[in-house]
Structure formats: C-alpha cells, structure tokens
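Accompanying notes for the structure given below.
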There are 2 protein chains.
Amino acid sequence: MTEKETKKRANLRDVARAAGVSVATVSRVLNTPEAVSKNTRDRVQQAIESLHFVPSAAARAINSGRTRVVGALVPTLDNAIFARFLSALEYELGEFGLSLVVATTAGDPGIEAEKAQRLIDIGAEALIVSGITHSPDFDNLISRTRLPTIATSYYDDGYSLPTIGYDNARASRMALQYLIDAGHRQIAVIHGPADNNDRTRARLSGLLVDMPGLETFKFETKITLEGGATAIQNALSAGTHFTAVMCTSDVLAQGVLFELHRQGMVVPSNVSLVSIDDLPVSGQSVPGITTVHLPVVEMGKKTANAVIRWIEDGIRPDSQLIDVTLKLRQSVAEIT
Amino acid sequence: MTEKETKKRANLRDVARAAGVSVATVSRVLNTPEAVSKNTRDRVQQAIESLHFVPSAAARAINSGRTRVVGALVPTLDNAIFARFLSALEYELGEFGLSLVVATTAGDPGIEAEKAQRLIDIGAEALIVSGITHSPDFDNLISRTRLPTIATSYYDDGYSLPTIGYDNARASRMALQYLIDAGHRQIAVIHGPADNNDRTRARLSGLLVDMPGLETFKFETKITLEGGATAIQNALSAGTHFTAVMCTSDVLAQGVLFELHRQGMVVPSNVSLVSIDDLPVSGQSVPGITTVHLPVVEMGKKTANAVIRWIEDGIRPDSQLIDVTLKLRQSVAEIT
DNA sequence: CAGCCAAATGTAACTAGTTACATAAGTTGA
DNA sequence: TCAACTTATGTAACTAGTTACATTTGGCTG
C-alpha cells in the first residue's frame with residue numbers, strides 16, 4: 001500500500017493543481033459552471049473525477065454560515081404519533097433543502113439537554129422540541145445560544161418559545177364530555193407517566209370537570225400496548241365500577257381494546273372507550289375508536305414552515321393553536 | 001435598533017478581544033481549560049457568556065474532519081418496523097457521540113439518490129440504507145465518494161456494500177412452512193409493492209416452494225392497515241378458496257385481522273394467519289399473530305457498531321446475517 | 001543574583017472552501 | 001489601429017476555528 005493510497009481526501013487545492021488551474025476556477029466549476037469555459041470546465045471535471053473529489057460540507061458551511069440541518073427532540077420513535085409528526089416534518093423541511101436530525105429523549109429532561117447540546121455542536125440551525133417543560137440546562141442553552149427553537153404538541157402563547165400545537169386540556173375534555181353526554185358517570189382514566197410530561201398533565205387537568213355524580217379513577221402506566229393492557233387489568237381488578245374508559249393516547253386505547261377483547265368484554269356494549277391521538281389504527285380496529293384527532297401532520301407542516309421562515313428570513317413565528325376535533329366511531333354506547 | 005444588536009454571532013476573535021487575550025487562549029479555555037490559569041479562564045468565560053458565544057460547528061469540523069453525523073435512508077417512518085430500527089440505531093450511535101439524520105425515500109430510488117446527495121452535502125460521515133436495490137445515481141455517488149455505507153434489512157454477502165440484515169426469503173419460507181406443516185394448502189399471500197423493493201421480492205421468492213397440491217394466491221397492496229384490509233376483502237371476494245393468509249409484514253396482517261373480525265370471521269378457527277416482522281402489536285392483538293421475528297433492534301445495534309468501527313477505525317465491516325425465528329402465537333389452526 | 005525550568009500565553013500557520021478584486025486575453029466599433 | 005468592453009482566469013483575503021512553535025513570566029536552586 002503506497003503512501004498515496006492511504007492519503008486522505010482530495011481538496012480544492014489538489015484538484016486545482018491536477019487541472020492546472022487556480023482554486024477559484026475549481027470553485028467556479030462547482031458553483032457557477034457557466035462562468036468557466038467549456039475547455040477548462042472539462043479539465044477540472046476530469047480532475048474532480050479522478051481524485052474522487054467531494055467538497056467539504058464543513059468548509060462550505062463555514063463560509064455560508066449555513067448547515068441546512070434542523071434538529072428535532074422527541075420522547076420516542078416507538079409511538080406512531082411522533083413518527084408521523086417527524087415524517088411530515090422531514091418531508092416539508094426536505095422540500096426546502098433542509099435535513100432533519102432526530103434525537104430521542106425517552107422523556108428525560110436531562111437527556112434532552114444533553115442531546116440538544118449535541119445538536120448545537122453539530123451545527124443545527126434550529127431545534128424542535130415536544131412540550132414546554134424542560135430542564136434548566138436546556139433553557140439556559142437555548143437562551144444563551146438564541147437558537148431558533150419551537151415547542152410543539154402544546155399550545156401556550158405565554159411560553160418563552162413559540163409553540164405550535166393543540167390545547168391538550170381541551171382535547172381530553174372533548175373526549176370526556178362525549179362520554180358524559182352519552183350518560184357515563186363512572187370513568188376509568190388510563191394515562192401515561194405524568195412526571196416531566198406536560199402534555200399528559202394538561203390532558204389530565206382537562207378531566208377536572210366539576211360535575212355532581214361524575215367519578216374518574218386514574219391509572220398510570222407506560223405508553224405501550226402492554227401498558228394499556230396492564231392498566232385495564234388493574235382497573236378491572238380494583239373492584240371499582242366504571243362504564244367507560246378514557247385513554248390519553250391511542251396506543252393505550254389499543255392495548256385496552258385488546259385486553260378487553262381477551263377478557264371477553266365487548267366494546268362498546270360492556271364498556272365504552274374514548275381516546276386521544278387518532279392514529280390510523282383507531283380507524284381500522286374493531287370497533288373503531290372514538291378519539292380526538294390530533295393533526296400531527298398539519299403540525300409537522302406548520303412547524304417546518306415556521307422554522308424555515310425563522311432561519312431563512314429571521315422572522316420569529318407566533319405561537320399557533322391547531323384545532324382538534326372529536327372523531328366519532330363505534331366505541332361508545334349510550335347509557336340509558 | 002443599533003448596529004451592534006443586528007450584528008451576527010460572536011466568534012473566537014471577538015471573545016479574545018473582549019477578554020484581552022489571544023485566540024489561542026480562548027480556544028484552550030474551550031478545549032483544554034486546565035492549561036489556562038484560573039484568572040484568565042474566568043475572564044474568558046465571562047466574555048463568552050456576555051457575548052453569547054457558541055463555537056461554530058463548521059469551523060470545528062473543518063479542523064477535525066469530523067461532523068459526527070450519520071445519515072439513514074428509510075422508505076418511511078410510518079411503518080413501526082423502520083421506526084424501531086431507527087430508534088435502536090439512534091440510541092446506539094448516540095452512545096458514541098454520533099447524531100442521526102433521517103431521510104425518507106417513500107421507496108423511490110430517485111428520491112433516495114437525491115436525499116443521499118443531500119446527506120453527503122451536509123457532511124454525513126456514513127450512510128445507512130435499506131436493501132440492495134438502488135438507482136445508478138445512488139450507486140455512482142457511493143462509489144465516487146467512497147462514503148462508508150451499509151445496506152440493512154437484507155443479507156447478501158456478494159453485494160458491493162456491506163449488508164447487515166436477515167434472509168428475507170428464509171423468513172417467509174419459515175412462515176409458509178409452518179402453515180404447510182399445519183396442513184394448509186390453499187394460501188392467500190398479501191404483500192406490499194414488489195417494484196423497487198427487494199425485501200418484498202425476496203419474501204415472495206421464499207414462497208416458491210415446489211410442493212404438489214400447494215396453491216398460493218397473491219394480492220399486492222400498499223403497506224398500511226387499510227391496505228391489508230382491502231387486500232383481504234379482495235381475496236375473499238375473488239372466490240378463491242384459502243384456509244390461511246400469509247402477510248409479508250405485520251402491518252398488513254393487522255389490517256387483515258381487523259377486516260376478518262369485521263366480517264365476522266374468526267382467526268384461527270375460520271382462517272389462519274401468519275406474518276413477518278413481529279411488531280409489538282402482534283403479541284398484543286387477539287389472537288396473537290404467529291409471525292417471524294425480525295430482530296430490528298439488534299440490527300440497529302449491529303449497524304451502529306459497524307458504522308462506528310468503519311468511520312472511527314477505518315475498518316470496513318463484513319456483511320452480517322442476523323437470524324430470524326418464528327414466534328408462535330395463536331393465529332394458526334391445524335387443518336385435520 | 002544568575003541560571004534553569006515549567007507554566008502561561010501569544011504568534012502565525014494551518015484546515016477547505018468562497019469571493020472581491022485584479023489582470024490578461026480576445027472581440028468589437030470608431 | 002487603438003480604445004472600450006466582454007470574457008476567462010488568477011491572486012489573495014476572507015470565513016472560524018485548532019495547534020505547533022515561540023516567547024514571556026515567575027519560582028526555585030545553586
């Protein structure tokens with residue numbers, strides 16, 4: 001193996017030397033080829049090919065001040081609600097030539113701060129996070145770097161960062177109200193961990209309706225199918241009477257539905273079920289689950305566009321409230 | 001608004017000037033703080049704070065030659081099988097200080113080549129792709145740039161890039177064989193688009209078992225719950241007789257299961273069902289679906305480690321075959 | 001108190017591009 | 001035929017860091 005073969009990547013100067021031109025000319029071939037005569041252009045192209053030259057992204061970035069990278073921090077990729085959001089976000093950013101770095105936090109503010117630091121280290125031009133509850137380290141980082149950052153899945157006009165999201169409390173109240181209107185008064189509420197999760201807390205707060213005779217029984221569990229199944233088992237064996245189950249996310253509702261099915265209970269004739277998210281599965285399951293539609297695809301688009309305006313034109317976006325609607329399906333029966 | 005406020009980010013020189021030291025000293029405070037006296041260090045730190053100084057990632061990268069970014073190209077984020085893979089990949093890469101840029105291709109080789117180019121443009125140190133079927137543009141790009149690239153979800157020792165994945169043909173044959181062993185001879189096969197998808201094609205090829213009396217009826221559909229539901233409707237109304245359904249992915253199987261349920265057919269007493277993927281939902285659904293477990297989390301880890309060795313130590317990984325196993329659950333009945 | 005060494009800091013040359021400005025060559029018109 | 005202009009190319013100074021090497025400073029020893 002000769003010295004030459006082990007040598008590192010060719011740079012602009014190497015190409016210029018090989019083609020017998022100046023670095024400026026090579027740069028022109030790359031960026032404004034029409035400004036270079038066909039003859040020289042071909043010669044430079046050939047040198048580029050034979051040296052396997054690929055321009056350094058870092059060197060370009062240092063000049064333009066742009067990395068064209070946006071970072072997103074989400075609790076997990078395992079819940080389709082985030083995957084769908086990221087999918088829309090990635091697509092829309094891509095339309096504007098921006099790339100998306102995804103970092104998962106497992107819902108841990110410490111990990112979030114760490115990964116946010118890393119995203120900044122790699123030169124992310126903007127950050128997208130979930131919710132408005134973050135660690136002091138994270139808050140300091142954002143205020144110190146003044147990096148364009150948008151909080152999603154949560155609307156709060158008073159927050160220090162622009163928020164693009166929905167009213168989580170309203171979403172759960174809509175679901176609850178539907179149960180109430182159908183005559184339900186004893187309701188098991190199955191929700192994810194409330195610690196460090198302002199979306200969950202907001203959804204729980206939305207259930208604090210002061211109504212005589214209304215009883216809710218809360219069961220906390222992890223947001224997985226299995227978590228939903230375990231929680232409804234607990235609810236059933238707790239001996240409390242309830243005619244309906246309300247889940248704070250569709251993954252839980254799906255787990256509940258499966259477990260009820262397994263136990264021989266039929267939705268909605270034995271128990272009613274409502275939820276929040278409206279993942280595709282809630283439209284396909286049997287019965288279809290009545291759930292509050294969270295427009296995460298729309299949120300992804302709006303977030304992407306807001307980010308683009310912010311980093312491209314320096315216009316800090318206003319917070320945006322995205323409307324939610326209750327999707328009526330077959331999982332709720334009237335209590336007569 | 002004064003000139004000063006609209007000015008752009010502070011750089012090393014600005015900090016040095018403000019602290020009354022040289023750029024080298026500021027750089028030392030950042031990288032080897034112990035080499036700087038407490039006094040100067042504090043002074044520099046203060047200047048950094050007050051100027052909101054954040055070191056430029058690009059300038060760092062230009063010196064180190066490292067961006068610490070890895071790019072992954074997947075067909076979609078909407079299928080949990082890819083989300084789970086990326087999740088494991090991101091986690092493992094993160095342990096080594098690498099960030100993951102995710103790009104979706106919608107299974108289109110043209111988009112894949114485009115996004116690969118963009119990943120290279122932003123300085124990705126390595127690429128991870130799905131399968132071994134790519135556009136000529138993509139192939140040229142990889143061979144020209146010699147960028148470390150690993151093909152996943154597919155094992156093929158003879159491919160030009162290292163592959164880390166499973167034997168897709170074997171996976172589907174395992175599922176089929178299980179049906180055959182249970183006495184099934186008429187089998188509806190529901191699969192995703194075979195165009196541009198070598199995983200699907202390999203899975204279909206695994207079904208070409210030469211066995212007297214064995215009949216398979218193929219139905220192509222899009223890989224969504226709804227796609228599965230539509231396909232099984234078509235299979236039922238096609239008038240062909242089958243005692244079992246084999247799906248090439250769990251999302252389809254789930255759609256089939258829901259639709260069969262909707263039609264009042266019971267799995268497995270009326271129809272048996274097998275699949276490939278082993279998403280969590282197949283363990284929770286009723287009945288649990290017998291499906292071939294694809295170890296995507298393990299694949300994510302192995303891919304991450306291979307990438308790290310490649311870019312960190314220059315050791316190009318060998319292809320790795322990851323074993324698949326049939327996960328027995330309750331969706332298959334014996335034909336007697 | 002000179003001499004020596006280590007610690008602290010500075011100078012300037014790197015990394016790999018882009019680009020303003022200068023210059024050379026070739027074309028056109030008076 | 002020479003000024004005026006266009007076109008093509010080169011020179012060198014930027015971008016924002018890192019780092020090898022040089023220099024200064026201070027403490028300790030003989």
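Values in this document were obtained by computation on a predicted structure and should not be read as measured data. Just so it is clear: chains get the letters A, B, ... in the order the sequence lines come, proteins before strands, and each one is counted from 1.
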Checklist entry - What do the steps show when you test L12(A) against S27(A) for side-chain contact (heavy atoms from CB on, under 4.5 Å), and what is the final call? => result CA-CA 7 Å; L12(A) 253 202; S27(A) 181; 4.2 Å; yes

Item to check | Annotated protein contacts, base or backbone, on nucleotides 18-26 of chain D with a non-hydrogen cut-off under 4.0 Å, one of B, S, - each | outcome: BBB------

Next on the checklist: For dG10(C) and S22(B) - does any side-chain N or O of the residue sit under 4.0 Å from the phosphate oxygens OP1/OP2?
Outcome noted: yes

Checklist entry - CZ of R41(A) versus P of dA8(D): gap in Å, rounded? => result 9 Å

Item to check | Backbone of I322(A) reached by a side-chain donor or acceptor of E298(A) within 3.5 Å | outcome: no

Next on the checklist: Rounded to whole Å, how long is the line connecting atom CG of D14(A) with atom C1' of dA16(C)?
Outcome noted: 10 Å

Next on the checklist: Looking at dT9(D), I'd like to know if its phosphate oxygens (OP1 or OP2) sit under 4.0 Å from a side-chain N or O belonging to S37(A).
Outcome noted: yes

Checklist entry - Within this structure, what is the CZ-to-C1' distance between R43(B) and dA8(C), rounded to whole angstrom? => result 12 Å

Checklist entry - T40(A) has a side chain; which of dG17(C), dA8(D), dA16(D) sits nearest to it? => result dA8(D)

Checklist entry - Have Q117(A) and D121(A) got a donor and an acceptor in their side chains that come within less than 3.5 Å? => result yes

Please tabulate, for side-chain N and O atoms in residues 125-135 of chain A, each donor-acceptor pair with protein atoms closer than 3.5 Å (sequence neighbours left out).
residue: E125(A); atom: OE1; partner: R66(A); partner atom: NE; Å: 2.7
residue: E125(A); atom: OE1; partner: R66(A); partner atom: NH2; Å: 3.3
residue: E125(A); atom: OE2; partner: R66(A); partner atom: NE; Å: 3.1
residue: E125(A); atom: OE2; partner: T67(A); partner atom: N; Å: 3.0
residue: E125(A); atom: OE2; partner: R68(A); partner atom: N; Å: 2.4
residue: T133(A); atom: OG1; partner: D198(A); partner atom: OD2; Å: 2.6
residue: H134(A); atom: ND1; partner: E112(A); partner atom: OE1; Å: 2.5
residue: H134(A); atom: ND1; partner: E112(A); partner atom: OE2; Å: 3.2
residue: H134(A); atom: NE2; partner: G131(A); partner atom: O; Å: 2.8
residue: S135(A); atom: OG; partner: F138(A); partner atom: N; Å: 3.1

Checklist entry - For the pair made of CZ in R66(B) and P in dA16(C), what is the distance, rounded to whole Å? => result 15 Å

Next on the checklist: Quick check on side-chain hydrogen bond (donor to acceptor under 3.5 Å, both in side chains): which of K38(B), Q45(B), Q46(B) does D42(B) satisfy it with?
Outcome noted: K38(B)

Item to check | Separation of atom CG in L51(A) from atom P in dG17(C), rounded to whole Å | outcome: 12 Å

Item to check | Nearest-angstrom distance from the residue atom CD1 of I62(A) to C1' of dG17(C) | outcome: 8 Å

Checklist entry - Salt bridge or not for D14(A) and R17(A), using N-O below 4.0 Å? => result yes

Checklist outcome for this item: Taken to the nearest whole Å, CD/E34(A) to P/dT6(D) is 17 Å

